[in-house]
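Notes follow the structure.
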Amino acid sequence: MGKVLIFGHQNPDTDAIGVAIAFANLQKELGVDAEAVALGTPNEETQFALDHFGLTAPRVVTAIADETNDIMLVDHNEFQQSVSDIEKLNILAVVDHHRIANFQTANPLYYRAEPVGCTSTIVLKMYKEKGITVPAKIAGMMLSAIVSDTLLFKSPTCTQEDIDAANELAALAGVDLNSYGLDLLKAGTNLGTKTEAELLDLDAKSFPMADKTVRIAQVNTVDLDEVFARQDALRDAMLSANVENGYDLFLLLVTNVLDSDSELLVAGEPRDKVTEAFGVQLTNDRAFLPGVVSRKKQIVPQLTEAFEK
């Protein structure tokens with residue numbers, strides 16, 4: 001076996017990049033020639049964490065088959081969220097905390113999926129199971145991933161395991177969990193300098209639902225009005241993305257990280273599935289979703305159920 005490349009999903013967030021770094025380091029400690037790579041550049045939140053802990057972002061790749069045959073996936077499993085040539089590659093392992101869908105392999109593999117708020121929580125357990133100490137800088141990235149994925153423990157995806165892991169990692173990294181966590185979340189809400197296309201691509205994933213393709217993007221903010229001041233331009237960009245990429249329905253979930261509420265902007269069809277999934281009426285293509293902060297737990301399952309009826 002040659003070099004093994006380890007990476008998270010497209011449009012990587014802090015967990016996708018942080019846990020790739022952490023899992024690659026664990027594999028190297030276990031004697032594997034592993035390298036963390038990324039399927040996109042870090043967003044501002046992730047770059048804040050990398051800079052804070054003195055780490056370099058993994059190099060960006062778009063295809064892998066010309067470089068190696070062996071890969072490990074973290075923080076995702078669905079093929080449409082992965083590297084472009086994944087069907088040509090040998091998947092040795094998956095560590096994830098999402099649903100399992102659109103995934104198959106030709107060979108047996110190590111697969112670990114747990115219903116926790118962040119993949120880094122699982123990887124910390126793997127370090128401990130192997131008796132390996134997490135280096136301080138990497139502990140900082142893993143902590144950042146947990147804070148990001150759980151919105152500092154406010155997300156319904158958060159478990160006690162995530163909270164315990166975050167406290168343990170904060171001690172290893174030498175930071176105050178709450179003050180650092182707030183600084184990290186605020187670093188990811190600087191949206192004013194981004195174009196509409198960039199904003200929609202910050203954290204977006206595609207999901208097959210029945211015979212439709214649904215694109216769901218999420219952005220975090222401390223001011224919903226600041227984002228929706230650009231509503232017309234955002235909706236136009238979403239409609240253009242639908243045409244260019246074959247999406248049927250595009251949802252933008254704008255989440256207030258301080259109030260733990262979200263507002264939804266919808267473009268495309270079938271819009272009635274949105275109404276059915278969340279029990280709301282769309283007004284000017286928008287719907288307010290109180291208490292909704294998690295795409296994984298509060299958006300995707302409800303939409304999937306509506307599409308399957």
With a 6.0 Å cut-off (strictly less than), is the heavy-atom count around NZ of K296, excluding the residue itself, greater than 12? yes
Looking only at atom types and distance, does a side-chain atom of D75 sit under 3.5 Å from a main-chain N or O of G8, one as donor and one as acceptor? no
Where does the angle between the aromatic ring planes of H9 and H76 fall among parallel (under 30°), tilted (30 to 60°) and perpendicular (over 60°)? perpendicular
Is it true that E29 and N25 share a donor-acceptor pair across their side chains at a distance under 3.5 Å? no
Between L50 and V147, is there shared hydrophobic-cluster membership here, with clusters defined by ILVMFWY side-chain heavy atoms closer than 4.5 Å? yes
Give the minimum heavy-atom separation between T213 and G246, together with the two atoms involved. CB-O, 4.1 Å
Is R99 salt-bridged to E78, going by a charged N under 4.0 Å from an acidic O? yes
So if I apply the salt bridge (charged side-chain N to carboxylate O under 4.0 Å, His left out) rule between R295 and each of D149, D203, D13, which one comes out positive? D203
Under-4.0 Å salt bridge between D183 and K186: no
Does the side chain of L303 come within less than 4.5 Å of K212's, by heavy atoms? no
Are any of the side-chain nitrogens in R215 or D201 under 4.0 Å away from the carboxylate oxygens of its partner? yes
Tell me whether R59 is salt-bridged to E35, with the criterion being a basic N under 4.0 Å from an acidic carboxylate O. yes
Side-chain heavy atoms of L152 within contact of L177, under 4.5 Å: yes
Would you check if there is a donor-acceptor pair between the side chains of T275 and D272 at a distance under 3.5 Å? no
Considering only heavy atoms from C-beta outward, does the side chain of F207 approach that of T304 to under 4.5 Å? no
Which distance, rounded to the nearest 0.5 Å, do you find between the CZ of F53 and the CE of M141? 8.0 Å
With D15 as partner, the option from T46, T121, T119 fulfilling side-chain hydrogen bond (donor to acceptor under 3.5 Å, both in side chains) is T119
Are any of the side-chain nitrogens in K125 or E114 under 4.0 Å away from the carboxylate oxygens of its partner? yes
Distance (rounded to the nearest 0.5 Å) between S144 OG and I138 CD1: 12.5 Å
Using modelled atom types only, decide if a donor and an acceptor are shared between the side chain of T255 and the backbone of V257 within a distance under 3.5 Å. no
Nearest non-hydrogen partners of A36 and A24, listed with the distance: N-CB, 3.6 Å
Report yes or no: does T283 contribute a side-chain atom to a donor-acceptor pair with the main-chain N or O of R286 at less than 3.5 Å? no
So does L265 get a backbone contact from the side chain of Q231, meaning a donor-acceptor N/O pair under 3.5 Å? no
To which residues is I64 joined in a hydrophobic cluster, defined by side-chain heavy-atom contacts under 4.5 Å among Ile, Leu, Val, Met, Phe, Trp and Tyr, whether direct or through other members? L5, F7, V37, L39, V61, I71, L73, F79, V83, I86, L89, I91, V94, I100, F103, L109, Y111
Rounded at 0.5 Å granularity, tell me how far OG1 in T189 sits from CD in E45. 9.5 Å
May I ask you to decide if A65's main-chain N or O and K88's side chain share a donor-acceptor pair within less than 3.5 Å? no
Which heavy atom of S155 sits nearest to which heavy atom of V293, and what is that distance? CA-CG2, 3.6 Å
